[in-house]
Amino acid sequence: MPANASRALLCWYAVDKRRLPWRAEDGAAPDPYRVWLSEVMLQQTTVAAVKPYFEAFTSRWPTVAALAAAEDGEVMAAWAGLGYYARARNLLACARIVASEHGGRFPDDEAALRKLPGIGAYTAAAIAAIAFGKRAVAVDGNVERVVSRLHAVKTPLPAARSEIRALADAMTPDEGAGDFAQAMMDLGSGICTTRKPDCGRCPVRAWCAAFAEGDPARYPLKAPKAARPKKEGTAYWLERDGEVLLVRRPAKGLLGGMLALPTDAPADGPWRDGGAVDHVFTHFALTMRLKCARGDGGEGIDRYDGLWWPVERIDEAGLPTLFAKLARRGVAWREAA
Ligand code: SF4
């Protein structure tokens, strides 16, 4: 994209940029804590889903020091529903390192940012550019799509990644890299969308090779995908006196550190079928069957290190989405029983 195309994009951004809670008002200095928090929340998650979480986190923990001092369980519960829970654990680990080793200030260059937990190449570049105005090239799925269309990149993804990165680098201006990164994000999410790019409203249409070819939605080209493996599992709804048994999952592994229903039988039963729930994770699809019983679980229950949670308040337990869906099945089972 020639320099005048980059300028056209920046002019469009100056007028039409999205007002987002983590963006600094015109003329104000960006707050690195808010930039970092939003970028971590936005990993694999939409702007609409992130907004209420961002507002809740920043009201409760307005600074990185406040977040660093929070209890693990509180942060995990506040994150519940946003998914990809390793992000929440890394968020807390990162906040604590910034508070204890960097005097509460985020480092301002990509290399130092990348050493922090949960900050990969994209997030480091986005923070360096947006929060600190450094020339950095942040390439996520949106930017990949825009760049592959602007240049009609003929190599399919994922092999095209290095080519796209080099093209994105060549387009990035020396001044205003933060605005440029955000302009590309806005263009990708609002106009140059996956299925129906709105080329009529696009500020860089005049320089777009895919538009000139006539079928921009075919980009980025993709190599055929392997099918997502399917897995199965079982969760247990054990209820006594209006309370259900919950356990804290081990810190490492799937949904680590989150409160959940047990996934191995906490008692002998008899167990009744409570139905099944389908849930798709990044690398596999899971069908989880729910088994339900009433009773105190007998002596073996002690090894669970679990807690009895009032069924009436199950929505407040901060269960991750999979287990929240299973809990709704458990509630339906008790109402039908
Ligand atoms: Fe995307 Fe169309 Fe703009 Fe090209 S002209 S960048 S395909 S919105």
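Note that ligands are numbered from 1 as they come in the structure, with each ligand's atoms numbered from 1 the same way. Just so you know, residue 1 is the first one in the sequence shown, and it goes up from there. All figures in this text were calculated on a predicted structure; none of them were measured in a lab.
Between Glu239 and Arg334, at least one side-chain N (NZ, or NE/NH1/NH2) sits under 4.0 Å from a carboxylate O, which counts as a salt bridge. Of the charged side-chain nitrogens involved, none lies within less than 4.0 Å of a carboxylate oxygen, so that Asp198 and Arg205 do not count as a salt-bridged pair.
Every residue meeting the side chain to side chain donor-acceptor pair (under 3.5 Å) condition with Arg313, not counting sequence neighbours, appears here in chain and number order: Glu316. In this view, Thr45 and Arg87 satisfy the side chain to side chain donor-acceptor pair (under 3.5 Å) rule, not counting sequence neighbours.
For atom 1 (Fe) of ligand 1, the neighbouring protein N/O/S atoms at less than 2.8 Å, given as residue and atom, are Cys192 SG.
Using a 4.5 Å cut-off between side-chain heavy atoms of Ile, Leu, Val, Met, Phe, Trp and Tyr, Leu221 falls into a hydrophobic cluster with Tyr219.
In terms of modelled atom types and a separation under 3.5 Å, the side chain of Lys51 and the main chain of Ala49 share no donor-acceptor contact.
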